[in-house]
Amino acid sequence: MALRGKVLYVISVVAVMLLVMSIIGIIISFLYPRAAPLYGLPPFYWGWLLVDLLAYIVAISTLILAGVSFERLIRSRVPAGMDHLKSSMIATGTGVIAATVLVVTAIAYLIGYEATVSIASFALAFAIFPSLISWLISPLLINLSYGCKHDPELQRIVDRVASRAGIEPPKAMIADIAVPNAFAYSSPLMGRYVAVTRGLLNTVKSEQELEAVIGHELGHHKHRDNAVMLVFGMFPSFIYYLGRFLMFAGMVSGAYRDGGSNERRNAGGAALLIIIGIVLVVVSIIIQLIVLALSRLREYYADAHGAKVTSPQAMISALQSLDRFYNTHRGALTRLEGNKIKALFIYAFAEPFMGLEEVLATHPPIHKRIAFLKTLTFTDLAEA
């Protein structure tokens, strides 16, 4: 047996043992609520571990089932022009917002307005503040992590393309990365940037291809994609944390029973909170899939902008050059998938998981992006 197989086998055995111990712990905690701590931990913690494990099992099962359904739905779908793309973006964004409002309204109906506002406030804080702080300082972190340096020659190209796009040029950076890629990043505190990697400068076949890639990244700035995806990414995070806090509230209220006539009612309320929390974790997974779909649509939008400031053929040629490189150098694609900012890259794709490569990706596959570019008319390009 290979080393990797042995490691996975040991992990599987440990996971099964933990599951069995958790089940034993929760059974004992319910049969003997005042029993001594099990394995050095109070029954409450073993109950929480089991509820947590159950939530993740249900969530992963939902991810697979919903992902398979979504994958079949989008497998052959490509936006047929800018009108179709824009209506799809509006419908997808509206769906995320409507789903979140519906969930919060349903919770308020089930557990009361005041309790919902109290718990939702904590969930909202957990969803907003880490993402907001990360966004504000992200240019500094990206520049330090990837060795991004300003380049005057590249700046002249960016200025030229930005002039065609009718926007203020961002600061042009070269990232010290060997594989070809490009990305746009910004924050209100540190301004806007466009970075291309040294690998990209060595891979593109012409300056027109480079301009198309830069035009794609300028499209992200023009469409405010960093801010748009930051906001929409908070919706599934909010629902997830809301579910986690409800699960915890249910465990706490179930652990401290008064032993009186209200005990059965308290137990029922605790179970309801736990069930609602698990359902919300599942719902957050589904909303996240919709947010990823919105991210893929925004990439089509940026591709159209790259085609607008150069030509559809130049954008297609640039994408083909990138795809040819990563198909030839599979190790480079593996390094790309482990990158923390891969969602910003012009070329990014999800790792294989149960046949859900596209539905879990932030970017559409290259062949779909090329097919979309081939549908664009002069009128479409004017709207990009």
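Scanning all heavy atoms of the two residues, the minimum distance from Glu299 to Thr362 falls at CG-O, 3.8 Å. When all heavy atoms of Leu381 and Ala304 are compared, the closest pair comes out as CD2-O, 3.9 Å. The two residues Ile142 and Cys148 come nearest to each other via the heavy atoms O-SG, 4.0 Å. Counting all heavy atoms, side chain and backbone alike, Val158 lies closest to Ala172 at CG2-CB, 3.6 Å.
Every pair tested for ring pair (Phe, Tyr, Trp, His ring centres under 6.0 Å) that includes a residue from residues 158-178 fails, sequence neighbours excluded, so the list is empty.
For an aromatic pair to be called close, the ring centres must be under 6.0 Å apart, and Tyr185 with Phe183 satisfies this.
Under the 3.5 Å distance criterion, with hydrogens and angles disregarded, a donor-acceptor pair is assigned to the side chains of Gln155 and Asp159.
Ring orientation note: the planes of Phe235 and Phe232 are tilted relative to one another, at an angle of 30° to 60°. The aromatic rings of Phe245 and Phe122 sit perpendicular, their planes meeting at an angle over 60°, well past the 30° parallel limit.
The number of heavy-atom neighbours closer than 6.0 Å to CZ of Arg72, taken from other residues, nucleotides and ligands shown, is 12 or below. Within a 6.0 Å sphere centred on NZ of Lys86, heavy atoms belonging to other residues, nucleotides or ligands number more than 12.
Residues Leu110 and Thr116 have side chains not in contact (no heavy-atom distance under 4.5 Å, counting atoms from C-beta outward). Counting heavy atoms from C-beta outward, Ile274 and Phe248 have side chains that stay 4.5 Å or more apart. Residues Thr92 and Val291 fail the side-chain proximity criterion, which asks for heavy atoms closer than 4.5 Å.
Under the 3.5 Å distance criterion, the side-chain polar atoms of His221 are matched with a main-chain donor or acceptor of Tyr193. Formation of a donor-acceptor pair under 3.5 Å by the Ser321 side chain with backbone atoms of Ser317 is found in this model. Between the Glu71 side chain and the Val359 main chain, a donor and an acceptor come within less than 3.5 Å of each other. In this structure a side-chain-to-backbone donor-acceptor pair under 3.5 Å is present from Glu209 to Lys205. The backbone N or O of His223 lies less than 3.5 Å from a partner atom in the side chain of Arg298, making a donor-acceptor pair.
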